[in-house]
**Q** 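Handing you this structure, nothing more for now.
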Number of protein chains: 2
Amino acid sequence: MAGHGTRGRSGRRPTLEEVAVLAGVGRGTVSRVINGSPRVSDATRAAVEAAVAELGYVPNTAARALAANRTDAIALVVPEPETRFFAEPYFSEMLRGVGAELAETEMQLLLIFAGGDRERRRLAQYLAAHRVDGVLLVSVHAADPLPDLLAQLDIPTVISGPRSERETLPSVDSDNHGGGRSAVEHLIARGRRRIATITGPFDVYGAQRRIDGYRAALRDAGREVDEALIVPGDFTEEGGRRAMARLLDLRPEVDAVFAASDVMAAGARQALRAAGRRIPEDVALAGYDDSVIARHMDPPLTSVRQPIEEMGRAMIDLLLEEIADHRPAASRGLDRRQVVLRTELMVRASS
Amino acid sequence: MAGHGTRGRSGRRPTLEEVAVLAGVGRGTVSRVINGSPRVSDATRAAVEAAVAELGYVPNTAARALAANRTDAIALVVPEPETRFFAEPYFSEMLRGVGAELAETEMQLLLIFAGGDRERRRLAQYLAAHRVDGVLLVSVHAADPLPDLLAQLDIPTVISGPRSERETLPSVDSDNHGGGRSAVEHLIARGRRRIATITGPFDVYGAQRRIDGYRAALRDAGREVDEALIVPGDFTEEGGRRAMARLLDLRPEVDAVFAASDVMAAGARQALRAAGRRIPEDVALAGYDDSVIARHMDPPLTSVRQPIEEMGRAMIDLLLEEIADHRPAASRGLDRRQVVLRTELMVRASS
DNA sequence: AGACGCTGTGGGAGCGCTCCCATGAGTGAT
DNA sequence: ATCACTCATGGGAGCGCTCCCACAGCGTCT
């Protein structure tokens, strides 16, 4: 029996047409009212609105999408395994900003993880199907082919964290250079002499900028940069631990460390403890992100706060603009589509 | 000039019809192949697949949704302000499981926050428009009208954490009773005499169950339950701090605390420190969730681990089933649609 | 008075798909 | 050879909307 038919019938929702009949107008007019066109007389508009209210009419999005060729949805694409997504509190906060800003609109948010190969292929299909009006790209490595794919498909995109200084996609970022610099300036001001840094992966532009900030602060203070004090990490806790251990090995006289993420700082702290160094008495420690971990560490961690939520909001704003004036690529210039937001150093007991 | 028309033309994607022509078959046949119907000969199927590959055909979801009355999308609805969503690592991990399981399918995940009033109304509209095939409801309080709305709209729904022992919606939960019990049994085994608990909100069923587990463990050990040792919290850090402070006031002789969440345990720790109590020498501490905070606390926190990721997977499984046999409510019975997963106690230095 | 332009409106023509009915070919039983 | 079925297939009829053309009504300019 028509299980399907029953379902279709029982839950039938009113259509544009029915609203039109009830309001005594044509379909086109109802459509105009629904979409806020100004070319409708006040009387007609009122009549239509009454009919809409009476029937409890809600537009059918599929039909709209089909006819108008838009989806009113954007995707937040995370090109990392889900695991990492949440190891870094960064993403969660960004999501918060994105959600908040999007709540102002009719747009919907799709969350897509594309860590593995299979997910990657699925994502490509998905994008090819133009199932979203725009894409938010988070945490992209320099060599990732995704941005090019998106450009090729002509899908409006905003990237969080430019891939290089000559990023072509609209982007939102915090001032990594200034952030790194402020942390190191603080350590200098605290009288530290041998300041090291545990860096992020070199293929992440933001990580590079933090290192540059580290160098700048030292140079401005008239100090020489000891390259052995710059040890590579990978944004993981274990990586931070290893980097710190190595650092203690190479430069046991180190008396301050700027870790490019709180998570790595947590790892560094373990290594310091294991080596019997006290924080901050023997070694001052500063992190980056001002995450939950920073506040709960013992001692609480000095950390560079990024306005991540605000960054999320800014990304949505940019993306909505991109979608709005989505026009032939040629007519776009090198717009001022690179937003950079200020950081703030949260000083705590670790330094 | 026709920016719109240009766009529509330039990026034109092949349609079913075009695939049919190229393969030399009818539209219906192509549709059958695309949708994996068995009623197609091997030769035809091969021809169609070749044509699909050659044209790079990708089905238009909007058209499909319109014609078939389904969306191939499900929503994860979080009826809390975004803020809380991430304060509890719980959600993040759940999202991970959901994402992983969903990656096996063609379904898409929509993330919807419905904390405020405006978001609530928007959500209602959204659901009324049947823009998703099913809904995952996370962290629902007992009095929330959302589940009823969903039932009324006849939208397949799975709830994480039943609202009461007579939950009618399919649900996935961890064994809160067993979890609470195991934590308290552990504290008893450690020789603690005055064991208190800081609870979650009373209108959260899971929180109730944890209290019940606390009571059960004490009773089974032949101990009397001192009601003054049961202090209400609200799953926040500050709430945990206050509860602990109050506890120290009322029952200074307390020598162990089971907090119904790690976040509250972190708050309790602050209060204990402030009062000069050592962990675990003076007071043993156990939490719930086995979150990042537990591992980074000083000392590391004993905590009840829920298989949250697995719970996310289970929710998706249940929901997909619900969607598959979505039939008149009458024909559904009190199915075995209540999944309960086992917890595990992670013992660390705090106890 | 006629020509012209506006504004508000109605409704046809699709958008690309699924559903389902009709059709014809193939198979085996009578 | 005939009938009854089954199976693969083609294609019409929508799904509910937006876009846009056509047109009526009215004021304005010459």
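Letters go in sequence order (proteins before strands), and every chain restarts at 1.
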**Q** Specify the separation, in whole Å, of atom CD1 of B:I34 and atom C1' of C:dT18.
**A**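 Whole-Å distance recorded here is 12 Å.
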**Q** Are OP1 or OP2 of D:dT18 and a side-chain N or O of A:S31 less than 4.0 angstrom apart?
**A**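 Checking A:S31 against D:dT18: at least one side-chain N or O falls below 4.0 Å of OP1 or OP2.
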**Q** Let me know the distance between CD of A:E18 and C1' of D:dC17, rounded to the nearest Å.
**A**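 The distance from CD of A:E18 to C1' of D:dC17 comes to 13 Å, rounded to the nearest Å.
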**Q** Rounded to the nearest angstrom, tell me the gap between atom CZ in A:R39 and atom P in D:dC21.
**A**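 For the pair A:R39 CZ and D:dC21 P, the rounded distance is 15 Å.
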**Q** Between D:dA13 atom C1' and B:L66 atom CG, what is the distance in whole Å?
**A**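 Distance, rounded to whole Å: 13 Å.
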**Q** Taking CG from A:N69 and P from C:dG16, how many angstroms apart are they, rounded to a whole number?
**A**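 Going from A:N69 (CG) to C:dG16 (P), I get 8 Å.
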**Q** Rounded off to whole Å, could you give me the CZ-to-P distance for the A:R131 and C:dG16 pair?
**A**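 Between P of C:dG16 and CZ of A:R131: 16 Å.
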**Q** Between CG of A:L109 and CG of A:L95, what distance do you get to the nearest 0.5 Å?
**A**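 Between A:L109 CG and A:L95 CG, I get 6.5 Å after rounding to 0.5 Å.
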**Q** Compare the minimum distances between each of D:dT18, C:dC17, D:dC20 and the side chain of A:A68, then state the nucleotide with the smallest one.
**A**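 My answer, after comparing the listed nucleotides, is D:dT18.
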**Q** With side chains defined as the heavy atoms from C-beta onward, is the minimum distance between B:T105 and B:L102 less than 4.5 Å?
**A**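 Contact flag for B:T105/B:L102 side chains = yes.
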**Q** At under 4.0 Å, does any side-chain N or O of B:S41 touch on OP1 or OP2 of D:dA8?
**A**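 Indeed not, no polar side-chain atom of B:S41 lies that close.
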**Q** Under the salt bridge (Lys or Arg N to Asp or Glu O under 4.0 Å) criterion, do A:E104 and B:R118 qualify, and how do the steps go?
**A** CA-CA 9 Å; A:E104 313 279 320; B:R118 211 174 70 252; 3.3 Å; yes
**Q** In Å, rounded to the nearest 0.5 Å, how long is the span from CD1 of B:I112 to CG of B:L137?
**A**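 Output value for this atom pair is 10.5 Å.
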**Q** Among D:dC17, D:dG11, C:dG11, find the nucleotide with the atom closest to the side chain of A:P59.
**A**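 Nearest listed nucleotide: D:dC17.
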**Q** If you assign each of A:R27 and B:R27 to its closest nucleotide in DNA chain D, which residue comes earlier from the 5' end?
**A**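 On the 5' side of the pair lies B:R27.
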**Q** Round to a whole Å and report the spacing from CZ of B:R64 to C1' of D:dC15.
**A**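 Checked: the CZ to C1' distance equals 15 Å.
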**Q** Using atom names, set out every protein N or O paired with an N or O of nucleotides 25-27 of chain D below 3.5 Å, distance rounded to 0.1 Å.
**A**
none

**Q** Measuring from the side chain of B:T15 (C-beta onward, heavy atoms only), which nucleotide among D:dT18, D:dA8, C:dG16 has the closest atom?
**A**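 Nearest listed nucleotide: C:dG16.
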**Q** Look at the side chain of A:R32 against the base of C:dG10 and say whether a donor-acceptor pair falls under 3.5 Å; ignore hydrogens and angles.
**A**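 For A:R32, whose side chain was compared with the base of C:dG10, there is a donor-acceptor pair (under 3.5 Å).
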**Q** What is the distance from CG of A:N35 to P of D:dC20, rounded to the nearest Å?
**A**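 Rounded to whole Å, this separation is 13 Å.
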**Q** Which donor-acceptor pairs under 3.5 Å do the side chains of residues 45-55 of chain A make with protein atoms, sequence neighbours left out?
**A**
{"unit_1": "A:R45", "atom_1": "NH2", "unit_2": "A:S37", "atom_2": "O", "d": "2.7"}

**Q** Which nucleotide wins on minimum distance to the side chain of B:V40, given the candidates C:dG10, D:dT9, C:dT18?
**A**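 Nearest nucleotide to the side chain: D:dT9.
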**Q** For A:A65 and B:A62, work out which heavy atoms get closest and say how close.
**A**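 Minimum heavy-atom separation between A:A65 and B:A62: CB-CB, 3.6 Å.
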**Q** Quick one: pull up CG in B:L318 and CE in B:M311 and give me the separation to the nearest 0.5 Å.
**A**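 One finds 11.5 Å between CG of B:L318 and CE of B:M311.
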